[in-house]
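Residues take their numbers from the sequence shown, with the count starting at 1.
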Amino acid sequence: MAWRGYAIKWAKTEFVRSQNTTPRSSSLNPYNQQRCGFRREAKRPDIKKKNATQETNTSATEAGTPVPQPPPKVPRPTLFTPLMFTVGFTGCSFGAAAILQYESLKSRLQTAKDEEKSEKGMQGTQDMAYWHDWWNQLSSFQRQLILLVSMVDDFWNSLTEGQKTVTGIIALNAAVLCCWRIPSMQRSMLKYFTSNPASKTRCLPMALSSFSHYSIIHMVANMYVLWIFSSGIVSLLGKEQFLAVYLSAGVVSTMVSYTCKAATGRLYPSLGASGAVMAVLAAICSKMPEAKLGIIFLPMVTFTAGTALKALVAVDTAGLLLGWRLFDHAAHLGGALFGVWYVAYGHKLIWRKREPLVKLWHDIRSPGSRGSRPGRGPGGGGGGGGPTS
């Protein structure tokens, strides 16, 4: 029993001694080495940012969460084709205007000759009794219709040459406005009657958008300004030259708008005749800067045309620099600058050099009468007809 108690006591003593002699590292928490290992791995810059992004995307895809892709970069549109269209359209507009002036003058001369012959043939053949009998033979409806036509004819004759010219432009704008209200034509209207440098169709809308308005207020405002200044601009340029300037200004202003949109990256559609109307307004204001203007709703407020032009240019410049989106300020500025440039320099560079084209057209139309043009017979004087200043 004594030996057994001695053996048990010796065993306990050895066990306690073995515990005291155990290394310090073995007495640590068995998870400490794992945590230390993670700390060493975190300090190593072995994982690149790209790999981390790929792992994140892979884990998100595996989890079923859709990964948002970055939006594709929209390339800036090239403007070489619209520029060539602008140059070609402007040249064709002034060329067609010169030919139209030639044909118009020729038609007026022929009409005057025919009227002179008819007046000579009718002298003494008819009197008031004839017309009185003719009137009595008409029915009541025919008389009312003739009176209505007579009233319309009197109103038309009371208009100035400029007002008669812009009447067709106003009617065309009104027809396009009605087309915007037809649902089946919306796609075609957006394609051809709105100008956008990012669109596949960019050239034809440069001209058609100048006759396009979606808002009635927008169209009424533009056409009212055009009606007010129509008499002055047509008396200054003539109706044929005015039409060429108006059409060219619409395309040039759209080209300026294209350039600014492509430079700033704001590729949104535009429409309206504001650019062409601004060219007419700028031409009148620069040619007659001391003319007095007023506001329709504030007749007591008056200002000079030069002041109005400066204010409009300043507002559009501020809108362009500050990024206002209410109007296409770049198109307004382009139209205004084109109008000022044309009355200052463009008239001399373009319109006064139309004589070779008119000669060529005259030779084509009248091959047997070389050297004689309408208004300048073989022994008579006179210019090529129509306003030249």
Review point. Quick one: salt bridge (charged side-chain N to carboxylate O under 4.0 Å, His left out) partners of Arg365, sequence neighbours excluded?
Key: Glu103
Point to revise | Linked, directly or transitively: Met288 and Leu236 (ILVMFWY side chains, under 4.5 Å) | key: yes
Check your understanding: Going hydrophobic residue to hydrophobic residue with side-chain gaps under 4.5 angstrom, can you get from Val252 over to Phe80?
Key -> yes
Point to revise | More than 12 heavy atoms of other groups within 6.0 Å of Leu321 CG | key: yes
Point to revise | Closest heavy-atom pair and its distance - Met206, Arg202 | key: CG-O, 3.0 Å
Point to revise | Any donor-acceptor N/O pair, Ser93 side chain to Phe89 backbone, under 3.5 Å | key: yes
Exercise for review: For Leu322, look at atom CG and say whether over 12 heavy atoms of other residues, nucleotides or ligands are found less than 6.0 Å away.
Suggested key: yes
**Study point:** Same cluster (ILVMFWY, side-chain, under 4.5 Å), Phe193 and Met185
**Key:** yes
Would you tabulate the side-chain donor-acceptor contacts of residues 168-183 under 3.5 Å, counting partners in other chains and residues two or more places apart, or write 'none'?
from: Asn173; atom 1: OD1; to: His213; atom 2: ND1; distance (Å): 3.2
from: Asn173; atom 1: ND2; to: Ile169; atom 2: O; distance (Å): 2.7
from: Trp180; atom 1: NE1; to: Ser212; atom 2: OG; distance (Å): 2.8
from: Arg181; atom 1: NH1; to: Tyr214; atom 2: O; distance (Å): 3.2
from: Arg181; atom 1: NH2; to: Tyr214; atom 2: O; distance (Å): 2.8

Check your understanding: Could you give the distance from OG (Ser199) to CG (Leu204), rounded to the nearest 0.5 Å?
Key -> 11.0 Å
Point to revise | NE2 on His347 to NZ on Lys287, rounded to 0.5 Å | key: 7.5 Å
**Study point:** Asn136: partners by side-chain hydrogen bond (donor to acceptor under 3.5 Å, both in side chains), with sequence neighbours left out
**Key:** His132
Exercise for review: Any chance you could measure Leu320, atom CG, to Thr264, atom OG1, to the nearest 0.5 Å?
Suggested key: 8.0 Å
Practice item. Start with the C-alpha distance between Phe229 and Val277, add both sets of side-chain angles, then the distance that settles side chain to side chain contact (heavy atoms under 4.5 Å, CB included), and finish with yes or no. Key: CA-CA 9 Å; Phe229 289 93; Val277 174; over 6 Å; no
Practice item. Assess whether side chain to side chain contact (heavy atoms under 4.5 Å, CB included) is satisfied between Met255 and Leu79, documenting all intermediate values. Key: CA-CA 9 Å; Met255 184 64 209; Leu79 301 179; 3.9 Å; yes
Review point. Is a side-chain N or O of Ser257 found less than 3.5 angstrom from the main chain of Ser253, in a donor-acceptor match?
Key: no
**Study point:** Evaluation steps, side chain to side chain contact (heavy atoms under 4.5 Å, CB included), between Phe94 and Leu357
**Key:** CA-CA 10 Å; Phe94 282 96; Leu357 177 62; over 6 Å; no
Review point. Do the side chain of Gln241 and the main chain of Gly238 share a donor and acceptor less than 3.5 angstrom apart?
Key: no
Review point. Closest heavy-atom contact between Ser274 and His218?
Key: OG-NE2, 3.2 Å
Revision key, fill the gap. Residues 256-275 vs ring-ring contact (aromatic ring centres under 6.0 Å, His included), sequence neighbours excluded, gives none
Review point. Transitively linked via ILVMFWY side-chain contacts under 4.5 Å: Val256 with Leu333?
Key: no
Donor-acceptor contacts, no H, no angles, side chain residues 291-307, under 3.5 Å, sequence neighbours left out:
from: Thr304; atom 1: OG1; to: Thr307; atom 2: N; distance (Å): 3.3
from: Thr304; atom 1: OG1; to: Thr307; atom 2: OG1; distance (Å): 2.7

Review point. Same cluster or not: are Val313 and Leu337 linked, directly or through other Ile, Leu, Val, Met, Phe, Trp or Tyr residues, by side-chain heavy atoms under 4.5 angstrom apart?
Key: no
Practice item. Measure the OG-CD1 distance between Ser230 and Ile228 for me, rounded to the nearest 0.5 Å. Key: 7.5 Å
Check your understanding: If you look at every heavy atom in Asp316 and His329, which pair is closest and at what distance?
Key -> OD1-ND1, 2.9 Å
**Study point:** Closest heavy-atom pair and its distance - Cys203, Thr81
**Key:** SG-CG2, 3.5 Å
Exercise for review: Ignoring hydrogens and angles, state whether a donor on the side chain of Asp328 or His332 is under 3.5 Å from an acceptor on the partner side chain.
Suggested key: no
Point to revise | Nearest heavy-atom neighbours spanning Leu312 and Leu281 | key: CD1-CD2, 3.3 Å
Check your understanding: Is it true that atom OH of Tyr192 has more than 12 heavy atoms of other residues, nucleotides or ligands lying nearer than 6.0 Å?
Key -> no
Check your understanding: Should the pair Phe338 and Trp341 be assigned to parallel (<30°), tilted (30 to 60°) or perpendicular (>60°) ring geometry?
Key -> tilted
Check your understanding: Nearest heavy-atom pair of Ala98 and Val358: which atoms, and what distance?
Key -> CB-CG2, 4.1 Å
**Study point:** Sole candidate of Leu237, Val343, Thr90, Ile233 that passes side chain to side chain contact (heavy atoms under 4.5 Å, CB included) when paired with Val245
**Key:** Leu237
Practice item. Rounded to the nearest 0.5 Å, what's the gap from CD on Gln101 to CG on Leu105? Could you check? Key: 7.5 Å
Review point. Where the side chain of Ser104 meets the backbone of Leu100, is there a donor-acceptor pair that is under 3.5 Å apart?
Key: no
Practice item. Examine distances only and state if a side-chain atom of Ser195 and a backbone atom of Ser270 form a donor-acceptor pair shorter than 3.5 Å. Key: yes
Check your understanding: If you look only at pairs with a residue in residues 153-168, which of them pass as a salt bridge (charged side-chain N to carboxylate O under 4.0 Å, His left out), with sequence neighbours excluded?
Key -> Glu161-Lys239
Practice item. Give, for atom CE of Met84 and atom OG1 of Thr86, the distance between the pair rounded to the nearest 0.5 Å. Key: 8.5 Å
**Study point:** Heavy-atom side-chain proximity of Ile146 to Leu138 below 4.5 angstrom
**Key:** yes
